[in-house]
Amino acid sequence: MDFGGIFDALLTIVGSPYHLFLLAIAVPIGMFFGAIPGLGGKLGIVLVIPFVFGMDAVAGALFLIAMHSVVHTGGSVPSILFGVPGTGPDAATIVDGLPMTKNGEAGRALGAAFGASGVGGVIGGLFLLALLPLLQPIVLAFSPAEFFLLALFGITLIAMLSGDSLVKGMMVGFFGLMMAFVKLDPQTGIERYTFGQLFLWDGIDIIAAVLGIFAIPEMIALGAAGGSMAGGSKINASYGLAGVLRGIGDVFRHWTLTIRTSLIGAFIGMIPGLGGDAASWICYGHAAQSSKTPERFGKGAVEGVIAPETANNSKEGGSLLPTLFFAVPGSSGMAILLGAFIMLGIQPGPALALPENMDIVWVLIWGLMLANILAVIMFIVVAPGLGYLSYVRGNLLIPFVLALTFLGAYLAIRSWENMALLMALGVLGYFLKKYHWPRPPFVIGLILGPIAEDSFHKAMALWGPAFLLRPGALVMIGLIVLTIGIYVYRLVRHKDAPEWMHEDDD
Amino acid sequence: MRRTVVASFAVVLLAACSQDTGNGDDSDFYQGKTISYIVATDPGGGYDSYARLIGGYLQKYMPVDNVVIKNTPGAGHLVGANTLHRSKPNGLTIGTFNIGLIYGQLLGKAGMAFDLRDLAWVGKAAGEPRSIVVSNNCVIQSIDDLIAAEEPVKFGSAGLGSASWSDMMLLADALELKVEIVPGFEGNEGEMSMMRGEICAIMGSTSSFKNFLDSGYGHLILTVGGELEGVPNAVDVAQTERAKRLVAIVDALAKLGRITAAPPGTPPARLEALRAAYKASLEDPQLRAEAARLGLPIDPAYGEEVEQLVIGALDQTPETIAMIKKAIDGTE
């Protein structure tokens with residue numbers, strides 16, 4: 001592997017007005033596709049492919065990677081302002097982003113999200129660089145056995161995200177797991193709880209679930225209470241540019257968390273098959289778990305915004321690794337990107353690591369990092385304006401947000417039945433919210449349940465129960481035991497008043 | 001005055017009706033209209049790429065304003081196929097989906113809402129030859145090794161009931177391969193699993209293995225639905241009468257490949273217009289060049305030829321259907 005061309009590639013980008021111009025238009029396009037629920041980066045890439053067709057390889061690849069790597073930066077905006085996630089992996093940002101908006105800290109939350117996305121993206125790029133020589137053994141160490149245990153590990157994080165009542169959290173989490181069983185059984189092909197509805201064959205759509213559980217209840221509550229999203233808060237608590245800059249500052253104030261979740265995100269991104277949703281929720285859980293004051297989570301803790309937002313941008317750097325060097329895409333979005341690269345004359349595969357081909361790899365890594373930085377700068381300009389949206393009156397805001405919500409549910413799988421599902425889950429979400437039951441465990445169950453089920457079956461078919469004794473599996477089991485151990489230790493230490501025995505009374 | 005208004009209104013209405021039913025001369029029917037091209041998958045991927053490519057050229061050969069791609073993914077192409085079947089047969093909707101749905105119809109699976117024979121077939125852009133790829137770190141390195149294997153060889157496959165899984169089951173049964181099929185490997189997961197040395201081989205569309213093969217991770221040991229230099233064809237490997245019949249089905253479906261159809265009852269004149277434009281598009285050297293750049297093979301067939309192929313594939317004797325059922329479901 002030849003590292004000599006690293007800075008030549010940087011010069012290729014910043015030394016050419018044409019390339020800078022491409023970056024400058026790719027970034028807002030990518031953020032737009034992220035910010036509108038249901039569109040997503042995948043569709044964005046498919047739609048711009050005809051325009052990239054005539055470009056040379058460097059320009060085309062730069063445009064596509066820049067666009068793809070900032071999708072989740074844009075996706076955080078509606079999550080924070082309205083509780084409507086722009087993309088699946090931005091859903092975890094709602095849990096603390098939306099309460100921050102309600103506390104009048106929309107600017108700070110947006111600043112934290114952009115800062116975290118930018119830093120996450122850059123660390124993801126550095127991760128890509130650092131791991132190039134070690135790629136193969138690490139990626140290949142993760143088999144269905146480790147996937148299963150990683151999903152189980154994520155599920156144990158439900159305990160951390162249960163807020164005041166572990167029992168309620170577990171019940172909601174198990175309900176989410178149960179809903180994950182709605183689909184064709186992957187092992188027998190038999191319909192499970194689909195009631196003859198084809199749109200349920202592939203399982204409950206995550207976008208509809210997240211919109212239903214988070215966005216709809218917020219809008220009902222806002223409509224019932226009147227006023228604006230940030231109505232209950234003191235105006236100017238965090239307002240305008242000062243708030244945004246404070247949010248960006250938070251990212252660096254919590255620098256150890258920022259780096260940790262960036263690395264976890266990049267790592268999960270690197271392993272094909274886990275996906276961005278899992279990455280951001282696992283990082284959110286990690287933030288709550290490693291916090292000295294976990295009780296602040298879900299009520300507007302800025303770390304709860306930083307963790308998922310670093311993860312969903314850094315994972316792009318991670319998932320570029322297998323896409324480029326194995327020609328095995330890390331996600332369905334990467335699969336489309338891979339197709340586009342081939343069209344541009346870039347042939348992914350081990351041969352890409354040969355010195356004569358590395359130039360384009362450096363361009364991609366720089367493109368990814370520069371796009372992330374550019375996205376932050378662009379957003380700092382508009383973020384103060386976005387923050388004002390949290391003071392828009394409910395009766396003006398609700399129709400707009402509901403239209404966006406229903407559009408998102410429809411577009412996600414392009415089926416009207418999904419809108420009915422959205423309403424049903426909206427009702428569920430409303431009652432969960434009204435009676436102060438935690439909502440994140442539902443989404444975790446729904447996202448990680450299928451990964452756990454599918455990899456369990458594969459691991460059993462490949463190795464039988466002995467899969468639990470694989471070295472990687474033992475490490476994961478150790479992690480799970482440790483997580484539960486820490487949780488129990490915390491309970492015992494506060495023996496006089498175990499958190500989960502408190503009845504929720506706020 | 002009033003009567004004139006009513007009368008002219010009626011004339012307009014009648015005109016609108018006649019336009020909609022497509023009777024009589026409507027050579028300029030497509031003028032300024034929009035055609036919807038239903039794709040039974042998400043954006044990206046083979047079916048979508050073919051539709052976007054061909055859709056662009058249909059615009060060139062028909063006076064339509066626009067050809068819009070409508071992605072209706074879900075339930076292994078069933079949602080898309082059912083949507084196409086339910087669409088208004090006014091010549092403004094066409095669609096593409098995995099022809100493996102023929103298995104569903106033959107076996108009477110749930111979810112198939114109609115008879116594939118009823119669709120108005122426009123054409124096919126290419127076949128979709130299927131192959132078995134083995135990883136280089138597997139003990140099995142050729143089809144002879146596989147046939148002679150004493151221990152079951154681990155194969156990965158897409159989800160149970162999917163078209164690619166059905167193909168694999170049929171082929172394994174026909175050639176009496178000693179295999180253990182682990183389902184649930186979607187997309188490129190099977191390739192990853194081969195690289196980790198968990199499974200030995202997978203069967204899938206030949207074109208999808210291109211990157212894997214170019215990277216030197218494995219090689220093809222058997223193909224079906226098209227000739228491939230240096231790779232044995234399942235049609236030649238099949239020895240018994242029974243094997244030949246089962247392989248013929250896999251072969252026929254693979255040769256059909258990337259089909260396009262319109263809803264049942266599409267007016268004949270408009271179907272002809274669609275078929276002609278589809279043919280002109282696929283014969284266009286510019287389309288061929290673009291397809292080559294996108295890595296999409298073109299091997300077209302048109303109109304009635306495709307219709308006959310579909311009818312032929314569905315026209316199986318009860319005993320053949322029983323054989324298929326036994327191979328795929330394990331039941332008679």
Side-chain angles (χ1 to χ4, degrees), chain A residues 40 42-43 45-47 49-50 53 136 139-144 184-191 194 196-202 271-273 322 325-333 335-340 342-343 345 347-351 413-415 454-455 457-459 461-463, chain B residues 39 42-46 48-49 52-53 56 69-76 78-80 82-83 109-111 113 154 156 158-162 165 180-199 210-217 290 293-295 328-329:
Chain A
K42 233 165 40 169
L43 186 67
I45 298 279
V46 171
L47 292 182
I49 280 179
F53 215 69
Q136 187 133 350
V139 173
L140 294 186
F142 278 77
S143 71
L184 287 196
D185 184 315
Q187 290 302 297
T188 62
I190 289 169
E191 292 185 51
T194 56
Q197 299 294 314
L198 287 180
F199 84 106
L200 290 176
W201 276 28
D202 303 310
I271 307 162
F325 294 103
F326 297 161
V328 174
S331 62
S332 56
I336 296 174
L337 208 57
L338 178 78
I342 293 171
M343 198 194 76
Q347 182 58 54
I413 59 169
R414 291 166 199 84
S415 115
D454 182 56
S455 13
H457 279 303
K458 280 186 201 153
L462 291 168
W463 299 289
Chain B
V39 176
D42 271 322
D48 189 62
S49 309
R52 281 175 203 274
L53 176 68
I69 305 296
K70 267 174 77 177
N71 297 90
T72 52
L78 266 176
V79 172
N82 285 346
T83 307
K109 291 274 183 205
K154 281 199 172 104
L160 225 91
S162 67
W165 179 83
E180 183 188 338
I181 300 174
V182 182
F185 290 96
E186 307 296 341
N188 299 79
E189 286 172 11
E191 293 170 9
M192 252 352 248
S193 186
M194 278 195 279
M195 288 166 70
R196 289 192 299 257
E198 296 158 6
I199 55 171
K210 188 174 180 303
N211 292 321
F212 188 76
L213 298 174
D214 288 350
S215 303
Y217 296 127
E290 215 173 308
R293 236 183 113 181
L294 289 166
I328 295 180
D329 287 354

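Since this is a predicted model, take the numbers as computed values, not measurements. So you know, we letter chains A, B, ... as the sequences are listed, proteins then strands, and number each from 1.
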With a 4.5 angstrom heavy-atom cut-off, could you sort out which part of [X] is near chain B: side chain, backbone, both or neither?
X: A:Ser143; result: both
X: A:Leu184; result: neither
X: A:Pro322; result: neither

TODO: Find out whether B:Asn211 and A:Ile342 are in side-chain contact, i.e. whether some heavy atom of one side chain is under 4.5 Å from a heavy atom of the other.
DONE: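 A side-chain contact exists here, since the closest heavy-atom pair is under 4.5 Å.
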- [ ] Select, from B:Lys70, B:Glu198, B:Lys154, B:Glu290, the one with the greatest count of heavy-atom pairs under 4.5 Å involving chain A.
- [x]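 Most heavy-atom pairs under 4.5 Å with chain A: B:Glu198.
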Task: Contact winner vs chain A - B:Gly184, B:Gly56, B:Gly159, heavy-atom pairs under 4.5 Å - done: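 So the answer, after comparing B:Gly184, B:Gly56, B:Gly159, is B:Gly184.
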Is [X] close to chain A through its backbone or its side chain, or both, or neither, when contacts mean heavy atoms under 4.5 Å?
X: B:Lys210; answer: side chain
X: B:Tyr217; answer: side chain
X: B:Asn71; answer: both
X: B:Glu191; answer: side chain

Non-hydrogen atoms of [X] and [Y] that approach each other most closely:
X: A:Asp202; Y: B:Ala75; value: OD2-N, 2.8 Å
X: A:Phe326; Y: B:Ser215; value: O-OG, 4.2 Å
X: A:Ala461; Y: B:Glu180; value: O-OE2, 3.6 Å

TODO: First locate atom CZ of B:Arg52, then atom CG of A:Leu47, and finally report the distance between them rounded to the nearest 0.5 Å.
DONE: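 With rounding to 0.5 Å, CZ (B:Arg52) is 6.0 Å from CG (A:Leu47).
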Task: Distance, nearest 0.5 Å, that separates CG of B:Asp42 from NZ of A:Lys42 - done: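 Taking CG in B:Asp42 and NZ in A:Lys42, the distance rounds to 4.0 Å.
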TODO: Salt-bridge test for B:Glu189 and A:Lys458: reply yes if a basic N is under 4.0 Å from a carboxylate O, no otherwise.
DONE: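 Salt bridge present between B:Glu189 and A:Lys458.
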- [ ] With a 4.5 Å cut-off on heavy-atom pairs, point out which of A:Leu43, A:Ile336, A:Leu462, A:Ile45 contacts chain B the most.
- [x]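 Of A:Leu43, A:Ile336, A:Leu462, A:Ile45, A:Leu462 has the most heavy-atom pairs under 4.5 Å with chain B.
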- [ ] Would you mind telling me which of A:Gly349, A:Ala340, A:Ala327 has the largest number of heavy-atom pairs within less than 4.5 Å of chain B?
- [x]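 Most pairs with chain B among the choices: A:Ala327.
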Task: Expected output: side-chain B:Arg196 to main-chain A:Phe142 donor-acceptor under 3.5 Å - done: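 Confirmed, B:Arg196 side chain pairs with A:Phe142 backbone.
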TODO: Apply side-chain contact (heavy atoms from CB on, under 4.5 Å) to A:Val139 and B:Met192, showing your working.
DONE: CA-CA 9 Å; A:Val139 173; B:Met192 252 352 248; 3.2 Å; yes
